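For reference, the structure is listed below as structure tokens.
Computed from a predicted model, the values in this text were never measured in an experiment.
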Amino acid sequence: MQNDPPDFQFDRSKKELISRITELCGSIQQTSFKILLLDTTPIIPGFMVSIMGHIATQGHRIIDWLREPHLDNIDLIAHSTRSIFETCLIYRDLALNDGQFFMDRVKQEVMRDELDIIEGSLLRFEHEKDAPQEVRDRRDILLAQNLPKVRRVFDRAKDTNSEYQYKAFYKLLSKYSHPSLYLLVGDRRYVYSQDAMLILADRAAVYLEAANADYSQMASALLAQEKET
């Protein structure tokens with residue numbers, strides 16, 4: 001995922017991309033089935049099955065949108081592609097140091113996300129005391145945990161040797177997936193173009209290939225471990 005040369009070529013047709021993405025999504029799903037069939041699915045592999053399911057879902061959405069004859073879904077393709085990239089980074093970031101702190105970091109990030117959502121929801125009330133007591137109590141419990149901020153995408157990319165991908169494509173994907181002025185009022189010949197769509201879909205295939213390799217390696221290690229026991 002991180003080592004594309006600067007002179008890469010986007011030469012896969014829509015038909016080829018649909019075929020490749022379909023193949024990769026199927027492989028990821030097969031890997032998740034292998035993990036689920038283990039006699040005992042530990043917490044970490046179980047969590048990984050959820051991540052794999054999310055990535056496969058994004059891939060299937062891209063397939064459906066690529067099959068459309070029009071280009072109106074180009075922003076959705078960009079959004080799902082960006083989601084696949086970010087999910088790959090999350091996994092690789094959590095797996096640093098041989099995954100020694102995997103579950104601790106997962107729990108911290110999930111709780112931090114929950115805290116951010118609660119604090120945002122409290123802003124709906126003119127006075128905080130008007131919010132449900134159980135919501136405020138949960139906020140206080142989470143605040144007491146002194147949780148770190150969820151890591152930025154750039155920091156994850158830098159620490160997982162994916163900085164080039166972030167710099168070369170993340171801003172492009174974001175321009176298409178957010179209602180930027182470029183997307184809203186840019187020259188439609190360039191914004192909604194077959195070439196642009198193929199670039200975005202090609203990145204999705206590249207990131208799915210990386211995810212498939214990561215998860216296949218993890219599944220092989222789990223299966224080997226089970227045989228030893």
Side-chain angles (χ1 to χ4, degrees), residues 1-5 8-35 47-94 153-154 156-157 160 162 164-180 182-184 186 188-219:
M1 183 172 71
Q2 65 268 34
N3 295 320
D4 282 321
F8 46 77
Q9 297 293 322
F10 302 104
D11 55 2
R12 287 189 273 196
S13 67
K14 183 191 289 190
K15 183 178 180 180
E16 289 171 330
L17 286 167
I18 290 174
S19 176
R20 182 57 177 153
I21 293 173
T22 300
E23 177 186 358
L24 289 165
C25 289
S27 179
I28 290 172
Q29 289 176 318
Q30 286 298 317
T31 300
S32 69
F33 294 153
K34 290 179 182 179
I35 295 173
F47 178 79
M48 287 312 307
V49 168
S50 298
I51 289 183
M52 291 157 66
H54 172 75
I55 284 189
T57 296
Q58 300 305 317
H60 285 302
R61 288 172 175 169
I62 291 171
I63 292 166
D64 290 339
W65 295 324
L66 283 174
R67 285 177 174 150
E68 294 289 343
H70 53 74
L71 299 171
D72 292 344
N73 290 327
I74 194 168
D75 56 330
L76 300 176
I77 292 174
H79 188 76
S80 284
T81 300
R82 194 181 73 157
S83 179
I84 293 171
F85 175 63
E86 289 182 357
T87 307
C88 286
L89 291 184
I90 289 173
Y91 170 72
R92 291 190 174 189
D93 186 37
L94 293 172
V153 178
F154 174 76
R156 294 191 198 273
T160 58
S162 301
Y164 167 77
Q165 285 292 328
Y166 177 89
K167 291 180 177 179
F169 295 104
Y170 192 76
K171 184 174 289 187
L172 173 67
L173 295 170
S174 297
K175 287 295 181 183
Y176 272 93
S177 61
H178 290 305
S180 66
Y182 175 69
L183 179 63
L184 295 174
R188 191 173 180 87
R189 292 171 298 177
Y190 298 104
V191 178
Y192 290 86
S193 70
Q194 289 288 345
D195 288 341
M197 183 190 68
L198 291 177
I199 289 173
L200 301 177
D202 185 85
R203 285 299 94 188
V206 169
Y207 303 147
L208 283 165
E209 287 164 358
N212 184 51
D214 285 343
Y215 306 146
S216 295
Q217 182 179 14
M218 181 195 67

Report yes or no: do [X] and [Y] form a side-chain donor-acceptor pair below 3.5 Å?
X	Y	result
Ser162	Arg92	no
Arg61	His79	no
Asp93	Thr160	no

Can you check whether [Y]'s main-chain N or O pairs, donor with acceptor, with [X]'s side chain at less than 3.5 Å?
X	Y	result
Ser180	Lys175	yes
Ser174	Tyr170	yes
Ser27	Glu23	no

Reported [atom1]-to-[atom2] distance for the pair [X] and [Y], which is rounded to 0.5 angstrom:
X	Y	atom1	atom2	answer
Ile28	His54	CD1	NE2	11.0 Å
Met52	Phe33	CE	CZ	9.5 Å
Met197	Ile77	CE	CD1	5.5 Å
Leu184	Asp75	CG	CG	9.5 Å
Ser19	Lys15	OG	NZ	8.5 Å

Query raised in the report: Between Phe85 and Tyr166, does the ring centroid distance fall short of 6.0 Å?
Result: no

Query raised in the report: Aromatic ring centroids of Tyr176 and Tyr182 under 6.0 Å?
Result: yes

Taking C-beta and beyond as the side chain, do [X] and [Y] meet within less than 4.5 Å on heavy atoms?
X	Y	value
Arg82	His178	yes
Arg203	Leu172	no
Lys14	Gln194	yes
Ile55	Tyr215	yes

Can you give me the closest heavy-atom contact between [X] and [Y], atom names plus distance?
X	Y	answer
Leu208	Cys25	CD1-SG, 4.4 Å
Ile21	Ala204	CD1-CB, 4.5 Å
Thr31	Ala219	CG2-CB, 3.5 Å
Ala78	Leu173	CB-O, 3.8 Å
Ser80	Trp65	OG-CZ3, 3.3 Å
Glu16	Ser13	OE1-N, 2.8 Å

Report task. State which residues pass ring-ring contact (aromatic ring centres under 6.0 Å, His included) with Tyr192; sequence neighbours excluded, sorted by chain then number. Result -> none

Query - Carboxylate-amine/guanidinium contact Asp72 Arg188, below 4.0 Å - result: yes

Requested in this report: May I ask you to say whether Arg20 pairs ionically with Glu209, meaning some side-chain N is under 4.0 Å from a carboxylate O?
Outcome: yes

**Report entry** Heavy atoms of other groups near Lys167 NZ, more than 12 under 6.0 Å
**Finding:** no

Report summary line: Between Thr22 and the options Ile63, Ile62, Leu17, the side-chain contact (heavy atoms from CB on, under 4.5 Å) test singles out Ile63

Report summary line: When Gln165, Gln58, Glu86 are each screened for side-chain hydrogen bond (donor to acceptor under 3.5 Å, both in side chains) with Tyr207, the one that passes is Gln165

